[in-house]
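Single-structure report; data block below.
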Amino acid sequence: QQQLHPAVASISARGEVVTPACLLDPSPGVPYAARRVKHSTRVAGPAPATVGGRERVDRAPAPVEVRPVASGREFRDFIELPYELYASDPVWIPPLRTEQRHNFSPKSAYFQHAQVRMFVAYREGRPVGRITAQIDDLRTEYHADATGQFGVLEAIDDQAVFTALLTAAEEWLRAQG
């Protein structure tokens, strides 16, 4: 008797192989909206040793580099990242870029009473994530504690990117006391 993985196919009472109309592609780094694929485009089982006549080489993803925003280019990468991340999301309503530039500019009212550090994560020179770390002096004065916050956390679907961003924010906040 044939044995098939239930998520890939099943065998009907007449002994025919029945496959679902579509499967979800569980590959890491694939956005949720792109995971629906036709069953004929994926092959169950291990990846082939050769692809297109060439030997397949498994390689680890490139390392993630997190940099504080210190230049105009890094600031532009920080602002533009969500527009690239959510470009294919039909329900995402992009905020006005001018509003975003103002909100994260030192001229913003929040910056008058807060210390803020913005970070961008890069992989192979491309921005893949962002985060802010901040200490709100008004909050600290009111609550009399040494608490910092992080926000604006957005990145590709990759745990290494999120870990690197959160680590950078945490280290900056600890250095501030």
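Atom CZ of residue R101 and atom CD of residue E80 lie 7.5 Å apart, to the nearest 0.5 angstrom. Residue L81 holds its CG atom at 11.5 Å from CD of Q100, rounded to the nearest 0.5 Å. A distance of 10.0 Å separates CZ in R97 from CD1 in I79, rounded to the nearest 0.5 Å. Here CH2 of W172 is found 5.5 Å from CD of Q115. Values are rounded to the nearest 0.5 Å. The CD atom of E84 sits 11.5 Å away from atom CD1 of I156, with the distance rounded to the nearest 0.5 Å.
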Does the pair R67 and V120 meet the rule for a side-chain contact (heavy atoms from CB on, under 4.5 Å), with working shown? CA-CA 5 Å; R67 288 185 253 171; V120 178; 5.7 Å; no
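A168 and V66 make their closest contact through CB-CG1, 3.6 Å (heavy atoms, listed as atom of the first residue, atom of the second, distance). Q112 and S108 get closest at one heavy-atom pair: NE2-O, 3.5 Å. The heavy-atom pair separating P106 from F111 by the smallest distance is O-CB, 3.5 Å. Nearest approach of G148 to I135, heavy atoms of both residues: CA-CG1, 4.2 Å. Between R123 and A62, the shortest heavy-atom distance links the atoms NE-O, 2.8 Å. Summarising the geometry of F150 relative to I131, their closest heavy-atom pair is CD1-CD1, 3.8 Å, with the distance given to 0.1 Å.
When atom types are taken as modelled, the side chain of E65 and the backbone of E124 share no donor-acceptor pair closer than 3.5 angstrom. In terms of modelled atom types and a separation under 3.5 Å, the side chain of E170 and the main chain of L166 share no donor-acceptor contact. A donor-acceptor contact shorter than 3.5 Å is absent between the side chain of R117 and the backbone of A133.
Two residues are said to be in side-chain contact when any heavy atoms from C-beta on lie closer than 4.5 Å; H113 and D136 meet this criterion.
Ion pair D145/R139 flagged as a salt bridge, since at least one NZ, NE, NH1 or NH2 atom sits closer than 4.0 Å to an Asp/Glu carboxylate oxygen.
Between the side chains of Y110 and Q134, no donor-acceptor pair of N or O atoms lies under 3.5 Å.
Hydrophobic clustering of Ile, Leu, Val, Met, Phe, Trp and Tyr side chains at less than 4.5 Å, counting indirect connections, unites L153 with V64.
For residues 64-85, the set of pairs meeting the ring pair (Phe, Tyr, Trp, His ring centres under 6.0 Å) definition, not counting sequence neighbours, comprises F78-F104, Y83-W92.
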